There are 2 protein chains.
Amino acid sequence: MTQKRSRADAQTRMMRLDQIAAQLKGEDPCTVDDLARTHGVSRRTIARDLEIMRAQGMPIEAERGRGGGVRMDVNWGVGRLNLSYAESVDLLISLAVAEQMNSPLFLAQMGSIRRQLIASFSKEKRRAVQGIKKRILIAEHASLPVQTSMGQPKPRVVQTLHQAFLNQKLVEIDYVREDGAKSKRTIAPQYLLLCSPVWYVLAWDHLRDAPRTFRCDRIQRATEGFEKFSLQDAKVFEPALDHYNVL
Amino acid sequence: MTQKRSRADAQTRMMRLDQIAAQLKGEDPCTVDDLARTHGVSRRTIARDLEIMRAQGMPIEAERGRGGGVRMDVNWGVGRLNLSYAESVDLLISLAVAEQMNSPLFLAQMGSIRRQLIASFSKEKRRAVQGIKKRILIAEHASLPVQTSMGQPKPRVVQTLHQAFLNQKLVEIDYVREDGAKSKRTIAPQYLLLCSPVWYVLAWDHLRDAPRTFRCDRIQRATEGFEKFSLQDAKVFEPALDHYNVL
DNA sequence: AGTAATGCGCCGTTTTATGTCCTATTTGTT
DNA sequence: AACAAATAGGACATAAAACGGCGCATTACT
């Protein structure tokens, strides 16, 4: 018999596997027949596809007999994320913050998420993330109430600071001291410290050549520089770190 | 010329694509030659693989000429997560909690993560998640300091409660009132309320046929039942919800 | 017993992924 | 300017996969 086969695009099987997975995530079980029809291939092929998907670890179950069909555990593989580096770090921190306030009802699964996330990194990235985690501190929950902040820090500033911290780049900032005095500085953001609502930057001030601490909401402007800084100067801060939890 | 080809397992190409992706995530650029050697295929094949990966949207760039090579944007695709339903919900809540305490330094990316996460749901799941989000309340940050809890709730209890809440299943619990009186109840967990460190369950007590509120850390034992409950009874709680932020 | 579903083995056919050549192009080095 | 090292990609033959179709075993519901 003549067997017509139209090649759709490229890698037919891979695409079909994805589509089948998506289809199976729907609530009701499909029959192999349905799948075969919707994809324009034979039952046999679908069967082989399912074999492959099972081999790849997807929890695909089938029920034989009338009323049966192919199902995938509905609670599997919802939530496919593809995060950028910055997003990943954010997420790790966010998880840590959420865990910090010990409200363990919904945090049962957090460990699993963190493990998956870390496992998905390459070796180099993993090391990098480890390094960054050491540079983020979280104060005890019941800390002294901070004086009312000057409003939210500006998103632009936040983003720049964020970038520079991750990339170990120097930053130029305009800072307003508590007494209102303004100053321009070039700093190397070594550590970040979260005291419940307020972030602090423990940095080496390259103009004054001394360690300084800045409140993020008092930074008016921030410009990322091109020069990378080393973590050597960070040692100055180490004695102070014992009071805080490291991420 | 004889062309030896050893079939590795199944779907050789898919596996190779994954491996190449992982390899490319490493910092330094590989040459096509390297890739060909490490995978035991020809340069041409690797080239074709790269074509495919590009077609799939991976940001793979190549630099021609001496000293060139194939690179992938290092900040792409770090962080591949495949979350279960429960994990997804946890994550959403965790993000919300982290956002609640307005420490916006590292939360710039959170919106993006949440959007990705929600986008990855199927329609049905998305609706379900929307429903669940409405059933989780978060109290204002500066709430009255709660009396010291009785220690952490038991992990077993937490997990059961968690499941039952998500699946809208009735739960049997052993509860200890503040005055020490113990009781057995069958409840329908309609809402969850987080007052900073303590979770409360707003539930319909099916034995007393009346709404009740329970502190999670006072629940001694929990068993998930088979009977699903409807959200009809939840209306009783609605007037009380205005005081809290809905997730 | 009949029916509707999966599971799986076998075989012949079609498609495609691969290897081997080849050329063009870009780019840094000598 | 010449050379070397890299990617990009075309052409062609071929072995290996993917596929379709068939049949039979199995399972569960009516």
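As the structure is a prediction and not an experimental result, all values here were calculated from the model. Residue numbers begin at 1 in each chain, while the letters A, B, ... track the order of the sequences.
Of all non-hydrogen atoms in A/Arg43 and A/Ala36, the two that sit nearest each other are N-CB, 3.8 Å. Minimum heavy-atom separation, B/Ser183 to B/Arg208: CB-NH2, 4.2 Å. When all heavy atoms are compared, the tightest approach of A/Lys184 to A/Leu207 is O-CD1, 3.8 Å. Between B/Arg126 and B/Ile118, the shortest heavy-atom contact is NE-O, 3.4 Å. A pairwise comparison of heavy atoms in B/Arg135 and B/Phe229 identifies NH2-CZ, 3.7 Å as the closest pair. Pairing each heavy atom of B/Asn82 with each of A/Gln116, the nearest pair is N-OE1, 3.0 Å.
Atom-to-atom, CG of B/Leu17 to C1' of C/dT18 comes out at 14 Å; the value is rounded to the nearest Å. Taking atom CZ of B/Arg16 as the reference point, atom C1' of D/dA17 lies 13 Å away to the nearest angstrom. Here C/dT3 presents its C1' atom at 17 Å from CD of A/Glu63, a figure rounded to the nearest Å. Protein atom CG of A/Leu50 is 15 Å distant from nucleotide atom C1' of D/dA18, rounded to whole Å. Atom CE in A/Met14 sits about 19 Å away from atom C1' in D/dC19, given to the nearest Å. Rounded to an integer number of Å, the gap from CE of A/Met53 to P of C/dG7 is 13 Å.
Between the side chain of B/Asn167 and the backbone N or O of B/Gln163, at least one donor-acceptor pair lies under 3.5 Å. Between the side chain of B/Arg16 and the backbone N or O of B/His39 there is no donor-acceptor pair closer than 3.5 Å. A/Arg156 places no side-chain N or O within donor-acceptor distance of the main-chain N or O of A/Arg221, the cut-off being under 3.5 Å.
Set against D/dT7, C/dT6, C/dT18, the side chain of B/Asp49 has C/dT18 as its closest nucleotide.
Of the residues in residues 32-48 of chain A, those placing a heavy atom less than 4.0 Å from an atom of DNA chain C are A/Val32, A/Arg44, in numerical order.
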Test salt bridge (charged side-chain N to carboxylate O under 4.0 Å, His left out) on A/Glu63 and A/Arg71; report intermediate values, then the result. CA-CA 8 Å; A/Glu63 280 181 20; A/Arg71 290 180 302 104; 3.2 Å; yes
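Residue B/Glu224 forms a side-chain contact (heavy atoms from CB on, under 4.5 Å) with just one option from B/Leu161, B/Thr160, B/Leu170, and that option is B/Thr160.
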Distances under 3.5 Å between nitrogen or oxygen atoms of protein and nucleotides 26-30 of chain D:
unit_1 : atom_1 : unit_2  : atom_2 : d
D/dT27 : O2     : A/Gly65 : N      : 3.2

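Two end axes, each from the C1' atoms of five base pairs, can be drawn for the helix from C/dA1-D/dT30 to C/dT30-D/dA1; they diverge by 40°, to 10 degrees.
Within the 4.0 angstrom heavy-atom criterion, no nucleotide atom of any strand lies near B/Arg71.
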